[in-house]
Structure formats: structure tokens, C-alpha cells
Undergrad: 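One structure, as C-alpha cells, below. Some questions next.
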Number of protein chains: 2
Amino acid sequence: MNIGEIARRSGVSRSTVSYALSGKRAVSEATRQRIQAVIDELGYRPNAAARALKEGRTRTLGLVVPPTRRRLTFMQLEFVASVMEAADRADLDLLLSPSRDDHDRSFERIVGGRRVDGLILMEIRLDDPRVTRLQGLRLPFVTIGRTARPQGTCWIDVDYATLIDRCVNHLADLGHRHIALINRSAELIASGYGPAHRAREGFADAVARRGVEGVEFCCADDAAAGETCVQEILRAHPEVTAITTINEAALPGIQRALEDAGLNIPARFSVAGVAARYWAEQFHPQLTAADVPAVDMGATAVDFLVERVTDPDAPPRQHLFVPPISLRNSTGPAPAPR
Amino acid sequence: MNIGEIARRSGVSRSTVSYALSGKRAVSEATRQRIQAVIDELGYRPNAAARALKEGRTRTLGLVVPPTRRRLTFMQLEFVASVMEAADRADLDLLLSPSRDDHDRSFERIVGGRRVDGLILMEIRLDDPRVTRLQGLRLPFVTIGRTARPQGTCWIDVDYATLIDRCVNHLADLGHRHIALINRSAELIASGYGPAHRAREGFADAVARRGVEGVEFCCADDAAAGETCVQEILRAHPEVTAITTINEAALPGIQRALEDAGLNIPARFSVAGVAARYWAEQFHPQLTAADVPAVDMGATAVDFLVERVTDPDAPPRQHLFVPPISLRNSTGPAPAPR
DNA sequence: TTGTAGGCGTTATCAT
DNA sequence: ATGATAACGCCTACAA
């Protein structure tokens, strides 16, 4: 079914059908209704490819997600879902692209083929080839996370440095003197993953400022790694009484290792982190954590992107989310030294 | 950058460029190389909209996911990720559509606008309006789950009836005489959600065949509901010593409620279910469960769909996954009656 | 108030 | 081995 057929059956020209639909030119009420009746009967909708070709825009947004060989974290998944819903609300379609860098096939297809009006890039690195590529093409984009030099780009991010800082302060306030940071994987850090770097910096600063001892451990994004990591911490640093972490996926393992070591939370050991709310509440006991507002972030990312698509010359917007720490039941006063 | 510009700079016609790229007509090696050099220099890729318009296909697949007001389960998320990767391997783009029925805006846009060559529909109901709609349009699709009359359609599904049957048998073999099924939510069942109905049937059959007592409970898809549900079971049916479930999202709550009731797993209480492997392993102790092969399912769905797109007249393929039950640590002999 | 016609970038048919 | 040209379906400037 195409616009010509609708025109024929309504006894008008194709342009009249087009204008009746778009409202960009006056169409007599009688004609409009006649056309509408035909459209309703045949269930016509404009062909998206033809329209995209003519208009030079696709009404489609792209969401670039990290390939899932390494599983997505819960907050990443929540973010994807919320982007999907936000795009839907804006009547935009969403194209998913599993790409880590600018030569990945999916990225090539979407960007090179002009498949989208704009892109949201997840898990951005401090120095990310996709960003420079998109800048060169003048294709609007929003990054989740900042590059090392984020001034001229449009981004949203979570202020991991401040959040870990707050966790350390909270733990120090409770009397903990030996605190471990469970960061994300060594590979991720080596690849220049911002949150991990900024968590490290926030931790180092806070620890220094509060005059407590801090040790940092890298940990892969899964429960088993979390378990091993905690065992390692307990072995190498038995004086540690509190853990802070941005490694959400490791949480179940952290919990299990502490349990198996007979360290009750929060009586004998405290844990405070950064996690999706849902995940924090799965922890047992529920985790005192900065709840990453994944749903807000998705909506904001889409907002920003739509603005850049609509008005490419406006200054790029940026937003740093600093969610408050929700006090739950996983932190308590440091245990008396044995 | 378009094909005309490449043609001009290579000193050939547009058709030659097109043929050099597609290989559908012989092009002299010299010309081919000259064209390729220009393409490499300018980074040309064919415009997807123009190509889709001309070819009548979009090289894009659609994945219809349930809107996330109710959060996606882990196995659904794994499935989405695996579809994404499988589509990427097939050099197809993936459009995500959050739609529950055939009038949802996103579904309308994608289907009406001919945005995709085929669709994968998640969380299909026994009587699903989207299916009839797509059949009428002759748009290829694969459903995850079967409708009530699945003969002529292409689908993949998990055999929940058999899996729950096996769980019940396993528990009965261990001496359990009073077994509860924690199903999914009452609303989902009311809406005609197949897995919940088939789990119910499988449970009723197995319980009858083994001559044990079975009680069924509905439970929303979250940990809190799981916790409440177990408390309710323990209160109303204190004789129950084992639970079987397809409600993955309720697992953390099930675990917590049993723990809080002082019922050690598996010494005092057994649990066997159907879940994503990752999730089964998060359970404590690790859950004896049929591991839903979400990754295989995603790949299979894409395979089937590509086949239907390529060859619409071939008989629609179907596959019922019956993953084996992985024995882990959450089931044991029924406790001696008190 | 409505119709005609051109062009968006491709692919493919027909001609050379 | 290559070129000219039509057509995919839509939108919109121009004409009436």
C-alpha cells in the first residue's frame, strides 16, 4: 500500500494525500475525511525508507551497547530499557548496536549507512575512537560517561569519584579505619574506562583526607570474581572492616564470601557501594548505596540527543548525576578490634 | 557522500560503482581498484534508506519486547542480548520495540512503516493480536512462546510443562510429599501467558501421577513478592517441604524467606526451578534448575527468522527447548516429619 | 483548494 | 566491460 494507491482510491492527487496527513497545507474538510476513510480502511502508513530518503532523516536513534561477551550489568540493562521507553515516547525508533569501537561492523553499518539521526554511546572510554569518528561526521551523539576531554561534547555521567568519596566518608564516620575498594576489572581500567578511574581517584582522595588506610582491588564483573576478591582481601588485609564498591555484578559474591567467613553484615563488616536500586535491595542485608538513577539517565540521554538532532548548533548539554546515598542495612559502626 | 560522487571521482558511471560493490556484474580489475581507492578515501557506504526503498527490504530485524513497567527477567534480558549478537553476526540491524499489543505506537511505526524485514515477538500470549496482524500483512515473524494454535506459525518455546513435571518428579523421588508451585503473576495468567499456563498444567499432571499433594501460588515478578509468597505458603501449608518455580525474579525473595524461617536449604527444604543459569548460580545454595538456554534461543530465533525472510514459502520451523535439569545444591531428601 | 513534477540515492534493465 | 535511464515511495516547490 502506498500513497499513490490511497490517492487513486480517494480520487485526489498524491500531494493532497500527503498534505492531508502532514497538515502542512490546507485541505478541505470533505476531502480530508474521504482520504482518512480510505487510509483507515486500507491501513496505510508512509513507507519509512522513502520518507527517510526524501527528508534526510530517519526518525531513528541508535543505542550503542557494549558487546555482551562480558555480561551487561543490571544498571546497564535498566538504562537500555529506559532509553527504549523514552525513544518510544518521543515517537522515535531505536536501533541497537553491539559495538566496542568504530570499526565494529554494526557501528559501521549504522553510521556509514546513515541509519540513525543520532547515537547514544554506552560505556565510553576516556579516549574513545567512536567519539572522534562521530565528531568528524557531524552526527549528533550523547555519551554515557565522559571522555578525558569532554568540554565540547554532549554527555551524561555518574559522579563516581564523589560517590565513592561519600561512601568512604560514611564508613570513616562509623569508625572504620581500614577500607577496601572493589573496583571493576583490570582490563577495563587498562582500556581507560572512566568510572573505574574516577572511582579510584575519589577513593584515593577520600582515604587521604580522612587519614584512613585504603586498599584497592580490581574485580571482574561477576559473582564468582567478587567472592574470590573478598577472600583475597580478607587474607591479605585482615585488618579491613569495610568495603566500598562500584562493582554491582560482584555484589552477590561479596555477600557470600563475607557470610562464609562468618562476618556478619553490618555487625562485623560494612559494605557501601554504587548500584542500581533494585540490585542494592537484592543484597542481604539491603545495601547502603548510591542508587544509580538509570531510568532518569535514559530519559535524559534521549532528551539531550533529540535536542542535538533538532538543533545541532546549540551548545552541547551535559549532566553529572550525583545520586544521594540511601542508608540501608549494610553499614554499621566498626567492630572493636579483636 | 553518495554513489554519484564516487562515480564522478572514479570517472565511471554510477552503475559501475554499484556493480563493483555488489559483484553482480563483471567489472575490470583496474576499474574496480580505482573505484575502491576512491571509496576508501572518502569512506563511502550506501545510504540505507535509498537502498531499502529500491530493494524493498531493510536488512533490519525487529525485536518486540514487553514494555518494562514490569521489569524484564534476567532470562529475557539474556535473550535480548543474544538476539542482538546473532543479528549482528548476520549483518542485520536490530530495531527494538516496546509493545504489548498491535496498537502500541512503536509496533504501528515499525510494522506499518515497513521498517523491518521480520519480527521476533517476545512474551507471546495464547491468543495474541500481534500474531494475527502480522499474518494478515504477510510479514515474517517468529514468536518466543506459542499461541494456543501454533501449527502454522514459526516459533521457539521452552517446554515449561515438561520442565516442571521433571522438577516435581525429582522432588517426589527425594521423598517430598507436599510440593508448592510458585507460578508467575495472576495478571499474567489471566492475560493468557503460555508458560504460566503450561507450568500449571505440567504441575497438576505430575502431582497427580506421583500421588503427592500440590498447591499452586501466583507471585509477581520480584523478590519482595517471592518473600511474601513463601511466607504465605509456610503459613497456609506448613506441611510443604519443597517448592518448584518458574518465577526467576522471585528467587532472591524465596531464598530470604526460607532463611528467615530457619529452613535450611536443602536439609529442611528443597527448591527446584526453571531459570537462567546465571541466576540459578546466584541462588544460595546454587539452585537445582532447568537452565533456560537464552543464548541458544536468541540465535535460533534469528536463524528461523532469517530463513522465513529469505524463503517465505518454506514451512515455518518450530523448536521446543527442553533443557536438562542441572543438579546443584538446593534439593535434598525430604526431612523426617516432625 | 488542488494538481504536476522533480529529486532524494540506489539498484537493475536495457542498450552499446 | 561499461553507460544511460527508469523506478522504488515520499515530500514539497511551483503552477493553476
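Below, chain A is the first sequence line, B the second, and so on; all start at residue 1.
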Undergrad: Rounded to whole angstrom units, what separation is found between the CD atom of B:Gln33 and the C1' atom of D:dA1?
TA: 16 Å

Undergrad: Please check if the side chain of A:Arg25 supplies one atom and the backbone of A:Tyr19 the other of a donor-acceptor pair under 3.5 Å.
TA: no

Undergrad: Name the nucleic acid region contacted by B:Gly11, choosing base, sugar-phosphate or nothing; use a 4.0 angstrom heavy-atom cut-off, strictly under.
TA: sugar-phosphate

Undergrad: Could you run down nucleotides 9-16 of chain D 5' to 3' and tag each one B, S or - for protein heavy-atom contact under 4.0 Å?
TA: BBBBBB--

Undergrad: Determine whether more than 12 heavy atoms belonging to other residues, nucleotides or ligands lie under 6.0 Å from atom CZ of A:Arg114.
TA: no

Undergrad: Between atom CZ in B:Arg34 and atom C1' in D:dT2, what is the gap in whole Å?
TA: 11 Å

Undergrad: For B:Asp88, is there an ion pair with A:Arg109 - N to carboxylate O distance below 4.0 angstrom?
TA: yes

Undergrad: When you measure from the side chain of B:Asp117 to the backbone of B:Thr58, do you find a donor-acceptor pair of N or O atoms at a distance under 3.5 Å?
TA: yes

Undergrad: Using only atom types and a distance under 3.5 Å, with no angle test, would you say the side chain of A:Asp104 pairs donor to acceptor with the backbone of A:Ser106?
TA: no

Undergrad: Expressed in angstrom and rounded to an integer, what is the separation of B:Arg8 atom CZ from D:dT2 atom C1'?
TA: 19 Å

Undergrad: State plainly whether the residues B:Glu108 and B:Arg105 are in salt-bridge range, i.e. N to O under 4.0 Å.
TA: no

Undergrad: Report, as yes or no, whether the 6.0 Å neighbourhood of atom CG on A:Asp101 holds more than 12 heavy atoms from other residues, nucleotides or ligands.
TA: yes

Undergrad: Rounding to an integer number of Å, can you tell me how far A:Arg114 CZ sits from C:dC8 P?
TA: 15 Å

Undergrad: Does one side chain, of B:Ser13 or B:Thr16, offer a donor that lies under 3.5 Å from an acceptor on the other?
TA: yes

Undergrad: Take the C1' atoms of the five end pairs on each side of the helix from C:dT1-D:dA16 to C:dT16-D:dA1, derive the two axes, and give their angle rounded to 10 degrees.
TA: 40°

